[in-house]
Amino acid sequence: QVQLVESGGGLVQAGGSLRLSCEASGTIFSINGMGWYRQAPGRERELVATITSGGSTNYADSVKGRFTISMDNAKNTVYLQMNSLKPEDTAVFYCNAQVKPVRGYQNIYLYWGQGTQVTVSA
């Protein structure tokens with residue numbers, strides 16, 4: 001089993017910054033990639049940013065130039081640096097991880113964290 005624990009959410013004024021962290025622990029041989037998603041009230045969960053273990057990144061258009069995703073492979077941890085925050089960024093932010101649990105095992109499993117609230121006031 002794998003657990004993902006997010007931290008770093010909170011309340012910030014528009015224009016401010018927050019840094020989210022998400023650490024994966026448990027039965028992990030390797031992680032192919034990790035990502036951040038968010039869900040605002042009344043809306044579907046949407047992609048924010050993803051990163052592969054090799055460092056390739058992908059961002060939603062709405063956060064390009066403001067958010068930066070990074071990953072520490074040794075710590076099984078993904079970060080999301082969020083700058084120039086806007087009220088429309090208010091949401092619960094979730095991380096996920098694509099995990100290979102055992103060496104030689106072909107299946108990759110997707111795990112999700114419990115979410116962390118980010119609130120941006122105008």
Side-chain angles (χ1 to χ4, degrees):
Q1 191 62 289
V2 173
Q3 298 80 39
L4 274 67
V5 178
E6 299 111 332
S7 61
L11 173 64
V12 64
Q13 290 187 331
S17 299
L18 284 174
R19 188 188 192 217
L20 305 183
S21 300
C22 172
E23 180 179 6
S25 62
T27 305
I28 299 171
F29 170 71
S30 65
I31 296 179
N32 285 10
M34 301 184 78
W36 288 98
Y37 291 71
R38 67 185 178 186
Q39 187 167 19
R43 301 186 65 176
E44 293 186 353
R45 190 174 298 188
E46 64 178 7
L47 179 146
V48 176
T50 62
I51 186 168
T52 69
S53 58
S56 296
T57 58
N58 180 52
Y59 294 93
D61 288 343
S62 60
V63 307
K64 283 180 180 177
R66 299 188 299 124
F67 292 8
T68 302
I69 190 170
S70 60
M71 184 174 168
D72 186 329
N73 293 327
K75 296 182 178 180
N76 291 333
T77 299
V78 64
Y79 305 96
L80 186 68
Q81 178 66 43
M82 304 186 293
N83 299 328
S84 303
L85 282 160
K86 305 175 181 180
E88 52 263 44
D89 293 317
T90 295
V92 178
F93 281 69
Y94 299 89
C95 69
N96 70 11
Q98 301 169 35
V99 176
K100 178 180 287 189
V102 178
R103 178 193 292 271
Y105 199 64
Q106 297 302 312
N107 289 7
I108 304 296
Y109 296 93
L110 183 67
Y111 294 92
W112 289 89
Q114 81 288 350
T116 185
Q117 177 70 47
V118 171
T119 302
V120 185
S121 62

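If you chain together hydrophobic residues whose side chains sit under 4.5 Å apart, M82 and Y94 never meet in one group. Side-chain heavy atoms closer than 4.5 Å link hydrophobic residues (I, L, V, M, F, W, Y) into clusters, and following such links, possibly through other members, connects V48 to V118. Both M34 and I69 are assigned to one and the same hydrophobic cluster, defined by single-linkage of ILVMFWY side chains at heavy-atom distances under 4.5 Å. Follow the hydrophobic side-chain contacts under 4.5 Å out from V2 and you reach I31 in the same cluster. Both L80 and V63 belong to a single network of hydrophobic side chains, linked directly or stepwise wherever heavy atoms of I, L, V, M, F, W or Y lie under 4.5 Å apart.
Two residues are said to be in side-chain contact when any heavy atoms from C-beta on lie closer than 4.5 Å; T90 and Q117 meet this criterion.
The distance from the CD atom of Q39 to the CD atom of E46 is 9.5 Å, given to the nearest 0.5 Å. Between the CE atom in M71 and the OG1 atom in T52 there is a gap of 8.0 Å [rounded to 0.5 Å]. The OG1 atom of T77 lies 11.5 Å from the CD atom of E6; values are rounded to the nearest 0.5 Å. With values rounded to the nearest 0.5 angstrom, R103 atom CZ is found 4.0 Å from F29 atom CZ. Separating the OG1 atom in T116 from the CZ atom in R38 is a distance of 14.0 Å, to the nearest 0.5 Å. Note that CD1 of I108 is 6.0 Å distant from OG of S30, once rounded to the nearest 0.5 Å.
Between the side chain of N73 and the main chain of S53, a donor-acceptor pair closer than 3.5 Å is present.
With Y59 as reference, T68 is the one residue of L47, I51, T68, T50 to meet the side chain to side chain contact (heavy atoms under 4.5 Å, CB included) rule.
Listed by chain and number, the residues in a ring-ring contact (aromatic ring centres under 6.0 Å, His included) with Y37 are W112 (sequence neighbours excluded).
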Quiz: residues 7-25 side-chain donor-acceptor pairs under 3.5 angstrom, not counting sequence neighbours:
from, atom 1, to, atom 2, distance (Å)
S17, OG, N83, OD1, 2.9

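Ring geometry for Y105 against Y109 counts as parallel: the plane angle stays under 30°, on a 0 to 90° scale with 60° as the upper cut.
A salt bridge links K64 with D61: the distance from a Lys NZ or Arg NE/NH1/NH2 to an Asp or Glu carboxylate oxygen falls below 4.0 Å.
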